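Just so we're clear, the structure is a prediction, and the values are computed from it rather than from any experiment.
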Amino acid sequence: MLPNPYAPGELPRVLAGREQQQDRIRGYLSRIGTYGEMGGPLLVFLGPRGVGKTSLLREAQRDAEEHGFITAWVACRRNAPFLPDLVSRVGKAVESADILPRAEKGTWKLRLESIGLEFGLPSVVKVSATAAADRSGAEAPPRGAQISAMEDLLHETSSQIRARGGAGLVVFVDELHAATRDDLAVLLNAMQNLAGRREDNPLAIIGAGLPSTPGVLVNAATFGERSTFLTLPRLEPAAAAAAVAEPAAELGVTWTPASLQTVAAEAQGFPYLLQVLAHATWEVAKPSGTGDVLDVDQVRAGLPLADDQLSSMYAARWAAATELEKQIMSVMAQAGTPTVTRAEIAAALGRPTQALGVPRERLIDKGIIEPASRGEVRFTMPGFDRYIRETLATGAPSPADPAPGSLGAGRRPRELPPASEGGRDAPRR
């Protein structure tokens with residue numbers, strides 16, 4: 001059996017359909033490479049979970065490094081500061097690049113430690129247990145000091161890289177929506193100040209987050225609205241087919257046109273779902289060599305395995321929701337339409353629209369639902385509405401015991417819709 005080229009939840013082997021976004025990033029970075037100046041304001045890619053934001057950023061990171069940039073990667077987490085990690089990652093990136101002359105390494109290390117202490121990073125220099133305890137219990141430094149320290153870090157690092165023949169510094173920040181307000185305020189203010197002397201700062205910061213990210217940035221600093229926001233769309237059918245076909249072709253395996261159309265229709269443009277469905281098909285088909293062909297029957301045979309994987313994700317989302325959030329999702333799922341108005345949800349629950357604002361925003365922040373148009377919302381991931389309907393019909397199952405027949409149940413075969421008519425829960429005509 002050939003190795004499975006599909007990896008749900010990991011970086012895809014082929015990043016298809018993102019040429020426009022990749023060109024935008026290259027243009028953003030070309031300003032640094034050509035002029036040696038700051039690329040511009042914060043560049044942020046927006047989209048629901050599973051649409052490929054992280055994959056796009058990772059590909060951009062590889063591309064930037066090939067063009068002479070030193071890069072650092074940071075992923076934000078809820079209720080946790082990300083700036084200490086940013087300082088550490090930038091420092092390690094410079095050390096790994098080995099661009100500093102031996103005589104300057106000691107001075108740079110001490111300078112980095114000094115900056116890191118402003119963000120609570122322990123010094124690598126040995127200290128007494130008493131001193132360490134005193135520092136851990138000390139109050140956080142004033143935000144103004146942290147802004148200055150962040151400015152120094154980004155300026156000194158990027159200028160050192162440029163002076164040693166590199167193109168500049170690029171920092172990638174994933175999951176921006178989860179960043180703490182204080183840390184975002186420090187980063188945005190530092191970027192704002194550095195932009196005043198852009199010719200001295202060959203750097204760029206590129207991020208990704210859920211659709212709620214613009215509001216999070218503006219809440220941290222009003223000029224956060226000046227960031228460049230680009231929405232990452234779902235994949236077009238041709239790009240979805242390429243994302244599935246090309247990794248198999250590298251191993252000499254072919255998908256039939258009908259099987260590619262079926263997988264693309266089922267995934268509805270979500271790269272994550274493409275990986276799940278293609279991975280499951282491969283596992284069932286077990287292609288063994290050049291010339292093997294994957295057809296619609298094998299896609300159908302792989303659906304239970306794909307559904308089993310999806311059921312765990314859906315069950316976890318459902319279990320983590322509050323009771324009122326579950327009620328909102330239940331109304332949306334039972335509506336049977338692609339989008340649901342806020343007024344419809346409020347009427348079904350017998351509550352005023354204003355009373356549902358907070359739980360609705362929490363669901364948006366979690367990436368479970370998203371605004372579709374004015375006054376309307378929809379689920380971000382195809383199939384979650386079906387899972388909820390089956391859950392309500394059979395009782396709330398545990399992640400290990402998903403509802404029979406649901407999307408994610410995987411307990412019995414089900415009929416595939418014709419590829420030309422769309423996938424799961426396609427909009428009704």
Can you confirm whether [X] sits close enough to [Y] that some side-chain heavy atom of one is under 4.5 Å from a side-chain heavy atom of the other?
| X | Y | value |
| --- | --- | --- |
| F119 | V186 | yes |
| I388 | F379 | yes |
| L363 | V377 | no |
| T157 | W108 | yes |
| M332 | I345 | yes |

*asked:* Quick check for you: to the nearest 0.5 Å, what is the distance between L294 atom CG and T281 atom OG1?
replied: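 Reported value, rounded in 0.5 Å steps: 7.0 Å.
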*Between CD1 of I32 and CZ of F69, what distance do you get to the nearest 0.5 Å?*
4.5 Å
*Take the angle between the ring planes of W255 and Y6 and call it parallel below 30°, perpendicular above 60°, tilted in between.*
perpendicular
Show the nearest heavy-atom pair for residues [X] and [Y], with the distance to one decimal.
| X | Y | value |
| --- | --- | --- |
| L188 | A221 | CD1-CB, 3.9 Å |
| L15 | P12 | CD1-CG, 4.4 Å |
| P211 | E370 | CG-OE1, 4.2 Å |

Between [X] and [Y] (salt bridge meaning N to carboxylate O under 4.0 Å), is one present in this structure?
| X | Y | value |
| --- | --- | --- |
| E376 | R342 | no |
| K105 | D98 | yes |
| E19 | R24 | no |
| E59 | R18 | no |

_Pair E175, R77 - check salt bridge (charged side-chain N to carboxylate O under 4.0 Å, His left out), show working._
CA-CA 7 Å; E175 304 287 333; R77 294 175 292 118; over 6 Å; no
Within the distance-only criterion (no hydrogens, no angle test), does the side chain of [X] pair as donor or acceptor with the backbone N or O of [Y] below 3.5 angstrom?
| X | Y | value |
| --- | --- | --- |
| R49 | M381 | no |
| E10 | A7 | no |
| R13 | P5 | yes |
| K92 | R89 | no |
| E246 | A243 | no |
| Y272 | G52 | no |
| H155 | N201 | no |

Do [X] and [Y] get their side chains close enough for a donor-acceptor pair, meaning under 3.5 Å?
| X | Y | value |
| --- | --- | --- |
| T54 | D174 | yes |
| D63 | Q22 | no |
| T71 | E65 | yes |
| S259 | T262 | no |
| Q327 | S330 | no |

*asked:* If we check salt bridge (Lys or Arg N to Asp or Glu O under 4.0 Å) with E325, which of these qualifies: R362, R360, R317?
replied: R362
